[in-house]
Amino acid sequence: MSDKNFRVRFAPSPTGYLHLGSLRTALFNYLFARHNNGKFILRIEDTDQSRKVEGAVESLINTLNELGLNYDEGPVAGGEYGPYFQSERLKLYRKYCDELLSKGHAYYAFETSEELEEMRRVQQIQGKQTMYDRRGRHLTGNEVKEKLDSGIPYVVRLKVPLDEEIRFSDLIRGNVKIETNQIDDQVLLKSDGYPTYHLANVIDDHLMDITHIIRGEEWLTSVPKHIILYRAFGWDVPQMAHVPLILNPDKTKLSKRQGDVSTEDFLNKGYLKEALVNFMALLGWNPGEGEDREIFSKEDLIKLFTIERVNASGAVFNIDKLNWMNGEYIKSYDPEMLEELIIPYLNNGGIDTSDREKTTRVVMAVKGYINRLDEAPEHAKVYYQDVSLSAVKKEILENSDAQKILSILKSKIVSLLEITTDNFKPLISEIQKETGIKGKGLFMPIRLALTGEEHGPELGLIAYVLGKEEVISRLETAISTK
RNA sequence: GGCGCGUUGGUGUAAUUGGUUAACACGCCGCCCUCUCAAGGCGGAGAGUACGGGUUCGAUCCCCGUACGCGCUACCA
């Protein structure tokens with residue numbers, strides 16, 4: 001634990017669902033904050049008016065809460081550094097932008113989007129690097145004033161210092177250096193008056209006292225732009241940590257084309273939040289030597305997490321392993337809580353769970369067989385639907401040995417007070433002794449009579465779940481098929 | 001194209017400050033358990049650490065180059 005006042009932030013733009021990659025970024029921020037006794041802040045980067053999606057923020061917050069990644073400051077929660085929506089901080093950006101302008105670190109530019117496109121097109125044909133040719137830097141003060149006065153739309157661009165080399169150290173990647181000549185005179189303020197990511201991000205991170213910026217690798221190459229801004233303002237640069245991307249099986253950036261990428265979808269399919277958190281944490285991070293566990297509670301993760309142990313290389317999202325891990329969580333989950341979670345899935349599969357005692361038994365029987373909650377109905381079906389038999393199966397039951405077994409079993413069960421998890425199996429052993437029939441010939445008729453299926457959980461469990469009455473009824477049906 | 005980052009079995013990862021038969025998990029295969037299917041137990045195949053140089057008595061680990069992958073190259077984040 002550290003007593004430094006670490007402050008980190010998760011700063012998504014509200015474009016819809018929570019991408020798995022964002023989830024992991026959020027998780028690492030959360031773990032880092034909790035491990036160091038710091039603060040975890042949620043900031044909404046809604047500066048792109050054209051990409052706004054209705055309800056996205058609510059859904060984002062819901063998902064974070066559902067996963068237990070509670071933030072200390074942000075929308076709804078509030079905090080001393082608000083507002084936490086960038087769209088509500090426009091005046092601030094304007095003010096700092098003016099400061100940049102007056103200090104000569106930024107300048108006005110008046111090209112239209114079409115002009116810029118044309119410029120890039122020409123550069124491309126000439127085989128040159130496509131970037132803004134910095135022509136706005138050559139405008140005289142009078143020219144600028146004239147254009148401004150006549151109301152021509154403008155943007156404000158960063159005046160990148162030329163012929164320099166920007167070096168910085170990333171907590172995950174080590175030393176990185178980039179020539180400033182490679183850096184575009186980035187737009188800081190758009191013609192609609194909104195800031196771009198770069199401006200807003202730097203200002204907010206500073207104003208919100210962010211000490212560590214933990215974000216996706218796609219931002220690594222824009223760090224120099226940000227450093228130039230921090231310097232221009234005379235601010236300290238926070239520590240940086242750029243986490244690797246999550247990849248499709250073919251190693252391209254995880255995308256919707258190759259499967260689900262939204263956290264909500266995974267939750268809906270019946271992946272437990274604990275499993276999802278556990279699995280995502282292990283994608284690109286590990287606790288290191290002497291730790292062979294794979295299953296970690298959130299508390300374990302908080303205790304063990306350090307940013308230095310995050311890998312620098314991208315990680316393929318291995319759904320097989322997630323499935324396995326989710327199955328592990330399902331098997332060891334608190335029975336009552338699991339039942340609560342599974343009931344909606346059972347109902348969804350057309351199963352009536354109003355008999356709660358039976359539901360409890362069903363959940364107990366089913367949980368060893370599923371890796372996802374949405375697999376529950378198909379395994380639970382046998383306990384609810386009428387037994388229906390194919391001709392072949394019927395034949396097996398009509399066999400005289402089979403009939404004998406079923407009759408004896410029925411009479412034994414009738415005299416039982418109730419069926420428990422372990423008083424059924426001994427009955428079968430007795431029948432074996434009495435009739436001399438054993439193995440498949442003994443078990444299969446019973447299994448078919450009770451479920452109509454050749455496969456399933458052990459018979460004792462099935463009988464227990466069905467209960468005395470239902471077992472007798474099903475046996476009678478099977479006997480009367482003759 | 002330019003720049004940046006990365007590269008250990010199919011996948012996720014491990015390997016004390018360079019010295020191990022390169023370890024663990026998922027997946028796969030087999031055996032055991034067992035009425036069946038799972039689960040569980042046991043075992044196996046699968047990498048000589050992208051490739052090529054160098055430094056060193058000795059490199060997965062340090063340096064350089066190449067290849068490949070990915071990212072960025074927007075008035076998107």
Side-chain angles (χ1 to χ4, degrees), chain A residues 11-15 22 45-51 86 109 111-113 116-117 120 123-124 127-132 153-157 170 172-174 176-179 181-184 186-198 200-201 215-224 242 244-245 247 249-253 279 282-295 311-325 327-328 331 367-371 379 425 428 438-448 451 453-459:
Chain A
S13 47
T15 55
S22 303
E45 311 228 327
D46 53 351
T47 56
D48 185 358
Q49 291 304 89
S50 65
R51 297 214 303 177
Q86 290 190 325
E111 293 75 26
T112 63
S113 301
L116 292 173
E117 256 167 56
R120 273 192 289 271
Q123 286 168 336
Q124 221 147 38
K128 282 199 261 179
Q129 192 178 342
T130 56
M131 68 193 285
Y132 180 62
Y154 65 90
V155 299
V156 175
R157 286 181 180 270
D170 186 273
I172 294 172
R173 277 145 221 288
V176 180
K177 56 177 179 181
I178 293 176
E179 312 268 339
N181 292 5
Q182 300 290 339
I183 305 171
D184 217 336
Q186 187 68 50
V187 169
L188 300 176
L189 200 69
K190 299 183 255 187
S191 55
D192 65 359
Y194 277 72
T196 57
Y197 172 88
H198 307 282
N201 198 260
R215 82 235 292 184
E217 185 185 351
E218 66 267 29
W219 293 109
L220 188 65
T221 42
S222 36
V223 170
H242 287 85
L245 264 15
L247 312 173
D250 67 358
K251 306 254 183 189
T252 54
K253 187 174 171 179
F279 179 75
L282 255 22
L283 228 46
W285 172 86
N286 76 87
E289 207 201 359
E291 186 62 88
D292 271 354
R293 270 186 301 172
E294 296 280 330
I295 305 296
N311 278 169
S313 54
V316 172
F317 186 83
N318 184 191
I319 192 86
D320 282 338
K321 189 154 185 176
L322 205 214
N323 287 337
W324 164 79
M325 188 173 278
E328 292 293 302
K331 286 186 197 76
K367 69 178 183 183
Y369 282 83
I370 57 175
N371 281 333
H379 289 275
K425 205 89 185 278
I428 299 179
K438 58 180 179 177
K440 214 167 180 167
L442 171 63
F443 282 84
M444 199 46 72
I446 301 173
R447 178 172 290 285
L448 288 177
T451 70
E453 308 275 347
E454 301 172 71
H455 306 303
E458 55 172 303
L459 281 177

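Here is the naming used below: chain letters follow the sequence lines, and residue numbers restart at 1 for every chain.
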**Request:** Find the runs of at least 3 consecutive base pairs, i with j, i+1 with j-1 and so on, that include RNA chain B, using Watson-Crick or G-U wobble geometry with both distances under 3.5 Å.
**Result:** B:1-7 with B:67-73, B:10-13 with B:23-26, B:28-32 with B:40-44, B:50-54 with B:62-66

**Message:** Nearest whole Å is fine: how far is B:C76 C1' from A:L116 CG?
**Reply:** 15 Å

**Item:** Phosphate OP1/OP2 of B:A74 contacted by A:S113 side-chain N/O (<4.0 Å)
**Value:** no

**Heavy-atom side-chain proximity of A:R157 to A:Q186 below 4.5 angstrom** = no

**Request:** Count the heavy atoms belonging to other residues, nucleotides or ligands that lie under 6.0 Å from NZ of A:K331, then report whether that count exceeds 12.
**Result:** yes

**Prompt:** Atom CG of A:N371 and atom P of B:A39: how far apart are they, to the nearest Å?
**Reply:** 8 Å

**Asked** For A:Q124, what residues pass the side chain to side chain contact (heavy atoms under 4.5 Å, CB included) criterion, not counting sequence neighbours?
**Response** A:T130

**Item:** Counterpart residues, salt bridge (Lys or Arg N to Asp or Glu O under 4.0 Å), relative to A:E45 (two or more places apart)
**Value:** A:R43

**Prompt:** In whole Å, what is the span from the CD atom of A:Q186 to the P atom of B:U73?
**Reply:** 8 Å

**Request:** Mark yes or no for a side-chain to base donor-acceptor pair under 3.5 Å between A:S191 and B:C75, with no hydrogen or angle criteria applied.
**Result:** yes

Measure all distances between protein nitrogen or oxygen atoms and nitrogen or oxygen atoms of nucleotides 20-25 of chain B, and list the pairs falling under 3.5 Å.
from: B:A25; atom 1: O4'; to: A:E294; atom 2: OE2; distance (Å): 3.3
from: B:A25; atom 1: O2'; to: A:K321; atom 2: NZ; distance (Å): 3.4
from: B:A25; atom 1: N3; to: A:K321; atom 2: NZ; distance (Å): 3.1

For nucleotides 5-8 of chain B, list the nitrogen or oxygen atoms of the protein found under 3.5 Å from its nitrogen or oxygen atoms, one pair per line.
from: B:C5; atom 1: O2'; to: A:R173; atom 2: NH1; distance (Å): 2.5

**Prompt:** Of all the nucleotides listed (B:A74, B:A77, B:G27), which has the minimum atom distance to the side chain of A:D320?
**Reply:** B:G27

**Message:** Taking syn as a glycosidic torsion within 90° of 0 and anything else as anti, which one is B:G53?
**Reply:** anti

Which atom pairs link the protein and nucleotides 33-35 of chain B when you take only N or O atoms and keep those under 3.5 Å?
from: B:C35; atom 1: O2; to: A:R447; atom 2: NE; distance (Å): 3.0
from: B:C35; atom 1: N3; to: A:R447; atom 2: NH2; distance (Å): 2.7
from: B:C35; atom 1: N4; to: A:L459; atom 2: N; distance (Å): 2.8

